[in-house]
Amino acid sequence: MGAFNDKVYEAVRQIPYGCVSTYGDIARAIGQPRKALFVGFAMRSSDDPDAVPCHRVVYKDGSIYAHDENGEPSVQKRMLMKEGVPFVDDDHVDMAACHWTPGSSDRIGRPIDIDWEAEMAE
């Protein structure tokens, strides 16, 4: 894997058991706040689910792939349920109860190690 994926996997390994983080959280944690989509690509290319708990990374609204193509609960959902992650409905984890954000944050929840003015400039 490349250096980007290695950073992603290191951040994902820090997500505590029974908690979830978002693709955007992980992107910000590694200093690449506009690369949430690439975090998703890294999750899909991980070949060791025991070493990298990819199932703990969800969309910012808490949504997951709840069912597989056969209508059965997805592997992600089964793994999260096994860890005791609460759900608000079939497709969304309870972010208020189990959202974990890596690193330090400013008063409005943004990581402090990013130059936000430069990052958000057009």
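In what follows, residues are counted from 1 in the order of the sequence shown.
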Check whether [X] reaches the backbone of [Y] with its side chain - one donor and one acceptor, N or O, closer than 3.5 Å.
X     : Y     : answer
Ser21 : Val57 : no
Tyr9  : Ala42 : yes
Arg13 : Ala51 : yes

Decide yes or no for [X] and [Y]: does some side-chain heavy atom of the first lie under 4.5 Å from some side-chain heavy atom of the second?
X     : Y     : answer
Val52 : Val8  : no
Lys35 : Ile30 : no
His99 : Asp25 : yes
Val39 : Phe4  : yes

* **Minimal non-hydrogen separation, Tyr23 against Ala36, with atom names** => CB-O, 3.8 Å
* salt bridge (charged side-chain N to carboxylate O under 4.0 Å, His left out) against Lys77, all qualifying residues, sequence neighbours excluded -> Asp90
* Kindly write out the residues that satisfy salt bridge (charged side-chain N to carboxylate O under 4.0 Å, His left out) with Glu72, not counting sequence neighbours, or none if the list is empty. => none
* Asked: Would Tyr59 end up clustered with Met79 when hydrophobic side chains under 4.5 Å apart are linked, directly or stepwise?
  -> no
* Same apolar cluster: Val75 and Val12, side chain cutoff 4.5 Å -> no
* Under 4.5 Å side-chain linkage, directly or through intermediates, the cluster mates of Leu80 -> Val20, Val58, Ile64, Met81, Val85, Phe87, Val93, Met95
Using 0.5 Å steps for rounding, measure from the [atom1] atom of [X] to the [atom2] atom of [Y].
X     : Y     : atom1 : atom2 : answer
Lys7  : Gln32 : NZ    : CD    : 6.5 Å
Ile15 : His55 : CD1   : NE2   : 8.5 Å
Thr22 : Arg28 : OG1   : CZ    : 5.5 Å

